Number of protein chains: 2
Amino acid sequence: MMGGELARPDVDEGEEGEHGVRIGELSRRTGVSVPTIKYYVREGLLPAGRLSSPNQASYDASHERRLRLVRALLDVGGLSVAAIREVLDAVDDTERPVHKVLGEAADRLAARHVGEPDAALDAARAAVADLVERRGWRVNVKSPQAEALAGALAALERVGHGTFVELLDDYADAAEKVAGVDLAYAARSARREGLVESAVVGTVLGDALLTALRRLAHVDASARAYGDGGPEGPVAREASGEPGAPDGEGRGSGPDAAA
Amino acid sequence: MMGGELARPDVDEGEEGEHGVRIGELSRRTGVSVPTIKYYVREGLLPAGRLSSPNQASYDASHERRLRLVRALLDVGGLSVAAIREVLDAVDDTERPVHKVLGEAADRLAARHVGEPDAALDAARAAVADLVERRGWRVNVKSPQAEALAGALAALERVGHGTFVELLDDYADAAEKVAGVDLAYAARSARREGLVESAVVGTVLGDALLTALRRLAHVDASARAYGDGGPEGPVAREASGEPGAPDGEGRGSGPDAAA
DNA sequence: TGCAATGGATAGTGGCACTCACCACTATCC
DNA sequence: GGATAGTGGTGAGTGCCACTATCCATTGCA
């Protein structure tokens, strides 16, 4: 009951008291269509609402939060519905010890397909093992995370950019740095309940954040190295200039994109 | 003519002279099925082979390289076939000046869907503009790269982790660092032809590399902060320990994954 | 009374990355 | 001269996925 602005126009739509809102209002607040919410409930991404009648259920703030999380993982994180379900199953498992749940969630997030055995992959695994030892990392070289790294290195090798591995330590420096910051962030935030959720959010959305920043930094590095500072100003223009920058992006976007 | 080990068992299958190989051999070398190669040609990801007869075409090393690139972008980079076509169209455009092509390729790689207007997005855009000014980055705040960053920030905000923006500068430090390294790498590699390709590879596979490293670093940070060093050794075990680490991953993988 | 909205369920949609089936043809082996 | 495997090209089909449409009986509310 209550809350819907169309069903109950006399009630302030902004508050839902103790019961929560119905599906239409939840849809309105999150921008997710009603059929899609139903679909998520069916798929186990979202718990069902609390039934007050055979056909009246109410959704509270936790549903809204969860729904936003699902959309973020889907849209920004690029996870599949199945992957999200797996991760959230781990998140919701209040029985198991926290560290186990964290590990499982992390593994789920890193899991990739394997593919057939391959010389490049073997070499990449060795490079990963070297890296881990060189840096003294306390990680299992057979973990999904290490396998994902080996997969990326093998792909570089196969594509003729095997020399990219020379940048590995610089990349690792950067990764270490952000990982440390991530840890500190999460350590001061959620206590126990939202902890695993924080881990998932930080991992998935942090990836998106970092890659977006890297691309932006590419643009800047190009402009800086090859001189942009044309007639107008150096910043917030279309970045005219003479990029010609190798790895990075030449410019932010087409000249018209800034108009 | 020539090349096929079944069609011409008398010829060494490892060399293809001046003409190149036929589709079957290309398939064998890359592990991509013949129908799939045909599909890629149809979709414009791969140029057709050079016809010597109405139904005999030969593929050379450039085809093989391109095919491996496609698979890398698809499998590791997670790009769609349509996105790959767009990027490669830019790569192959030898008419336009290099810096324009680079910018276009970069924009294609960063392009995301927009979604409806949103308060969180507006705030995120402002945060991005702040960041850009604060760091003196020479980038257009309306570029796809900046929009992608705003999208990630907005998602964090919507999901209740708005405080994550406090880490933005640490993330930006790391991004700047790798971007600089990327630039130096590409500057010393390909001259002009492979330059744009290097940019694409570096951007896409570099992303995969960096995120894999971040996750690995999470595992290490957790183990380091919460102590793993159990009975056996600290490294290359299943990372037993007491992760309980917030943002990162608890352990490398399940105990059985190491067996 | 009337009607929008709800929970629930089944079936259908559109997109995507292939994959199959088929054709006429060719290269090579015997 | 077969016989056979392989080829380029094309249209149709497949399986998966994230929804979306349709329908139903029931309900809240004016």
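Quick caveat: nothing in here was measured; it's all calculated off a predicted structure. All chains are named by letter (A, B, ...) in the order of the sequence lines, taking the proteins before the strands, and each is independently numbered beginning at 1.
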Expressed as a whole number of angstroms, how long is the span from A:D75:CG to D:dA18:P? 12 Å
Considering only side-chain heavy atoms of A:N55, which listed nucleotide, C:dG7, D:dT10, D:dA21, is closest? C:dG7
A:D107, A:D207, A:T203 screened by side-chain hydrogen bond (donor to acceptor under 3.5 Å, both in side chains) with B:R215, the one that passes: A:D207
Taking the side chain of B:R42 as its heavy atoms from C-beta onward, which of D:dA12, D:dT20, D:dT7 lies nearest to it? D:dA12
To the nearest angstrom, the CD-C1' distance between B:E25 and C:dT28 comes to 17 Å
Residue pair A:L156 / B:V201, side-chain heavy-atom distance below 4.5 Å: yes
From the options C:dT26, D:dG8, C:dT19, select the nucleotide whose nearest atom is closest to the side chain of B:S33. C:dT19
Between B:S53 and C:dA27, does any side-chain N or O lie under 4.0 Å from OP1 or OP2? yes
Just say parallel, tilted or perpendicular for the rings of A:H161 and B:Y185, cut-offs at 30° and 60°. tilted
Which nucleotide, in any strand shown, forms a Watson-Crick or G-U wobble pair with C:dC30, with both distances under 3.5 Å? D:dG1
Can you see if the side chain of A:T36 gets near the phosphate of D:dA18 - specifically, an N or O under 4.0 Å from OP1 or OP2? no
Figure out the NE2/P separation between B:H63 and D:dT7, and round it to whole Å. 15 Å
What's the CG-C1' distance between B:L67 and C:dC18, to the nearest Å? 14 Å
Nearest to the side chain of B:L74, which nucleotide is it out of C:dC18, D:dG8, C:dG7? C:dC18
Identified pairing partner of D:dC19, criterion: Watson-Crick or G-U wobble below 3.5 Å: C:dG12
Using atom CD1 of B:I37 as one end and atom C1' of D:dT10 as the other, report the distance to the nearest whole Å. 17 Å
Using a cut-off of 4.0 Å on non-hydrogen atoms, how would the nucleic acid contact of B:P35 be classed: base, sugar-phosphate, or nothing? base
Can you check the B:E43 CD to C:dA17 C1' distance for me, whole Å? 9 Å
In whole angstrom, what separates B:R71's CZ from C:dC18's C1'? 9 Å
Can a side chain N or O of A:Y39 be found less than 4.0 Å away from OP1 or OP2 on C:dG12? no
When you compare the side chains of A:R71 and A:Y40, does any donor N or O come within less than 3.5 Å of an acceptor on the partner? yes
Without decimals, in angstroms, what is the distance between B:L46 CG and C:dC18 C1'? 15 Å
Salt bridge present between B:E25 and B:R22 (N-O < 4.0 angstrom): no
Side chain of A:K38 - closest among D:dT10, C:dG7, D:dG8: C:dG7
